[in-house]
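Working notes, beginning with the structure itself.
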Amino acid sequence: MDLSTMNKEQLEAIKTTEGPLLIMAGAGSGKTRVLTHRVAYLLDEKQVPSYNILAITFTNKAAREMRDRVDKIIAEDASKMWISTFHAMCVRILRRDISYLGYDTSFSILDPLDQQSVVKDILKTRNLDTKQHNPRSILSVISNYKNQLIKPEQAIAEAGGFQDELYSEIYKDYQEILYRNSSLDFDDLIMLTIELFHKEPNVLNYYQTRFQYVHVDEYQDTNHAQYQLVQMIAAKYRNICVVGDSDQSIYKFRGADIQNILNFEEDYPEAKVIKLEENYRSTKTILDAANAVIDNNTERKPKNLRSNKGDGVKIEVNVSFSEREEGHRVVEKVQQLSEDYSYGDMAVLYRANAQSRAVEDAFVKSSIPYKMVGGTKFYSRMEIKDLMSYLKVIQNPFDDISFQRIINVPKRGIGTKTIDKLRAHAEQLNSSIYDAIRDADFLGIPAKTVAKLMTLLGVLDNLKEKSKYMTMTDLVDEVLADTGYHDMLSSDKTLEARSRLENLEEFKTVTKEFDNEYPIADDNLFNFLSEMALVSDQDGMDDTAGVTMMTMHASKGLEFKVIFIIGLEEGIFPSRRVQFDDQELEEERRLMYVALTRAMDQLILSRAESRMLYGKTESNMVSRFLSEIPEELLESSGSVSRMGENSANTGTSFSRGPKKRARVINTNKGTKFNVGDKVSHKAFGEGIISQVKGEGDNEELDIVFKTAGPKRLLANYAPLEKKD
DNA sequence: GACCTAGAGCTTTTT
DNA sequence: GCTCTAGGTC
């Protein structure tokens with residue numbers, strides 16, 4: 001193993017294997033490198049069996065990357081080492097032993113939409129209005145309880161005030177429903193693992209003994225429950241290595257407690273603390289800007305991040321008239337920079353997903369390849385959710401939440417009345433809808449409907465059998481065929497239905513991947529569903545070359561040669577909601593810090609004088625974060641003028657400087673598009689127009705592409721050709 | 001029970 | 001602008 005390229009602090013961090021260790025790793029200081037080399041050092045030099053090592057990350061991507069890198073550094077077999085996310089780790093632990101807590105080992109994992117429908121059901125039963133009691137805020141209250149390891153009984157006992165009392169009661173209902181459904185939400189995974197450890201000391205002891213070396217990445221993002229979990233596992237050997245940067249703590253809203261990292265030295269008085277302050281990523285200009293911004297935060301430990309590189313170029317600041325012009329300018333700059341950089345070297349960051357639209361439009365118009373992280377969520381599409389619900393019910397028949405989703409999809413003539421009766425009966429039995437159906441005869445449900453229910457049960461039981469000896473891909477085909485779902489879509493001739501079918505096809509690439517990895521086994525469906533529950537859209541297949549678009553949150557841990565940050569306006573970033581809360585404002589500033597430090601070579605910052613959001617036009621002042629960057633690091637380009645809206649058809653270029661060149665973007669002026677027309681697009685290939693909206697320059701076409709799926713394009717600008 | 005329409009609400013970030 | 005819900009009609 002070669003450690004010759006490490007600096008003094010990095011080396012120390014790698015070689016300090018015994019006892020508690022806190023690595024304060026500034027942005028771009030080679031944190032991941034240190035962590036992977038440390039693990040490799042344990043395996044290779046210290047001859048620690050891989051079986052005794054645990055490394056916890058927050059994202060699947062980080063976990064995967066770490067394993068890949070470790071495998072590359074050393075020859076030892078590291079396969080017995082656990083490198084996983086908090087949630088995946090807990091699923092693994094609970095899967096073995098959750099029966100101690102009375103749950104079924106074939107539990108389902110709820111996604112946020114499922115959670116919402118549970119809360120809505122509770123509100124309905126309690127005759128409460130969803131307008132007065134927002135399900136999302138109730139869920140966040142529940143999530144907070146769980147992150148704080150507060151059980152419903154305790155929440156109720158300690159509640160003060162009407163709303164507290166009500167919400168803690170709802171929390172209780174919620175947990176009972178989940179229990180009845182053998183379902184866990186994300187927070188349960190952590191909370192119940194801790195409960196299991198408390199209840200069954202031998203289980204805890206097993207993991208404590210096994211994991212002699214514990215690593216936690218992004219420690220500043222841990223919430224209280226995760227913190228507790230780590231403490232429990234590491235208590236026996238106290239070889240705990242945590243890595244983090246308090247300046248990059250941006251997940252307070254989901255319970256992250258920055259105190260966990262700040263108090264590490266109190267938790268472990270014998271702890272060694274190593275600071276990594278040498279930045280290998282960014283130019284001095286970028287770092288100076290980032291340091292200047294973060295320096296405005298009062299609640300932080302001072303840190304001195306040094307650049308290893310030269311000054312580099314100045315930071316470009318663009319002011320546009322509208323958000324559309326802002327998008328155009330990003331694209332122009334991308335085109336200009338594409339002479340020196342590949343598209344994959346560039347990323348556009350924004351505060352909220354809603355901001356991506358204008359930029360996306362501009363990319364589409366100019367046929368520049370891009371990929372969006374997050375945003376349009378593949379897994380929350382209706383047809384994918386339906387399919388997943390079928391699979392979940394097959395795996396876990398007690399999963400009423402999923403069952404209710406599919407009981408009448410496709411339409412089987414099973415309506416709300418029948419479902420209500422079944423639900424009431426299920427509650428009486430303290431069981432599930434699935435079980436209640438067996439008594440359907442006695443519930444005053446019409447015989448015809450009973451027959452339909454029985455048919456459905458038969459189909460599901462049959463599929464359960466099939467799941468034991470089929471590949472996931474085959475099983476998905478069987479589900480779609482046996483339940484009539486495929487027929488429902490194929491008999492519907494609308495383009496929407498066609499695109500849904502295509503999405504289901506697309507889904508099979510995921511199952512095929514799974515099938516390649518795992519041989520057929522009777523618990524494959526469980527494993528597949530667990531894996532699916534824990535992947536986010538972000539883990540997706542993003543190997544294709546293109547400019548990356550994502551939220552600043554999603555950018556944490558990544559780096560790009562060129563970073564665009566758009567929407568630097570008060571009210572957008574920092575968000576309107578936090579403008580008067582100092583603590584939250586500091587969190588936003590840390591987000592700015594994260595965004596700035598993603599850049600290696602160049603930063604391009606922009607804002608718009610007015611922007612349309614949610615159908616309303618608003619004007620915002622310049623973001624304080626932009627003002628906090630020292631003037632001498634900046635270079636303003638482009639004055640405020642009315643350009644952008646029509647520039648494409650005149651061929652005007654926004655870019656200034658030597659590389660300026662006129663570029664005529666496709667224009668379809670004069671072409672009349674109608675619904676049903678077949679077209680071909682430069683980048684997306686063939687498609688059919690499903691809708692035409694607007695007029696003139698604003699005419700929009702909804703097109704369903706054969707391979708690229710549905711898109712909305714501007715008729716006059718998209719590189720489209722009408723066919724036959 | 002299925003389908004349609006109008007209206008209202010909501011838009012921060014996510015494993 | 002988009003999504004979900006409620007209410008009405010067939």
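Computed from a prediction, not measured in an experiment: that's the story for all the values here. The chains referred to below are lettered A, B, ... by the order of the sequence lines, with proteins before strands, and numbering in each begins at 1.
Across all strands shown, A:Ala354 has no heavy atoms under 4.0 Å from either base or sugar-phosphate atoms. Within the 4.0 angstrom heavy-atom criterion, only backbone atoms of the sugar-phosphate kind lie near A:Lys120; the bases stay farther away. Using a 4.0 Å heavy-atom distance criterion, A:Asp221 is classed as making no nucleic acid contact. When heavy atoms are screened at a 4.0 angstrom cut-off, A:Phe253 is found touching base atoms of the nucleic acid.
Taking the side chain of A:Asn353 as heavy atoms from C-beta on, and the options B:dC3, B:dT14, B:dT15, the nearest nucleotide is B:dT14. Of the candidate nucleotides B:dT15, B:dT14, B:dT12, B:dT12 has the atom nearest to the side chain of A:Ala352. Checked against B:dA2, B:dT14, B:dT11, the side chain of A:Arg136 finds its nearest nucleotide in B:dT11.
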Intermediate values then yes/no, side chain to side chain contact (heavy atoms under 4.5 Å, CB included), A:Arg624 and A:Leu568: CA-CA 8 Å; A:Arg624 70 193 75 191; A:Leu568 283 161; over 6 Å; no

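A straight line from CZ of A:Arg357 to P of C:dG1 spans 9 Å, rounded to a whole angstrom.
Side-chain atoms of A:Arg351 come within donor-acceptor range of the base of B:dT13, with a qualifying N/O pair under 3.5 Å.
For A:Met454, the CE atom is densely surrounded, since the number of other residues' heavy atoms within 6.0 Å is greater than 12.
In this structure, CG on A:Asn60 lies 5.0 Å from OG1 on A:Thr85, to the nearest 0.5 angstrom. We find the CG-CD1 distance between A:Leu456 and A:Ile406 to be 6.0 Å, quoted to the nearest 0.5 Å.
The shortest distance between the side-chain N/O atoms of A:Lys556 and the OP1/OP2 oxygens of B:dT13 is not below 4.0 Å.
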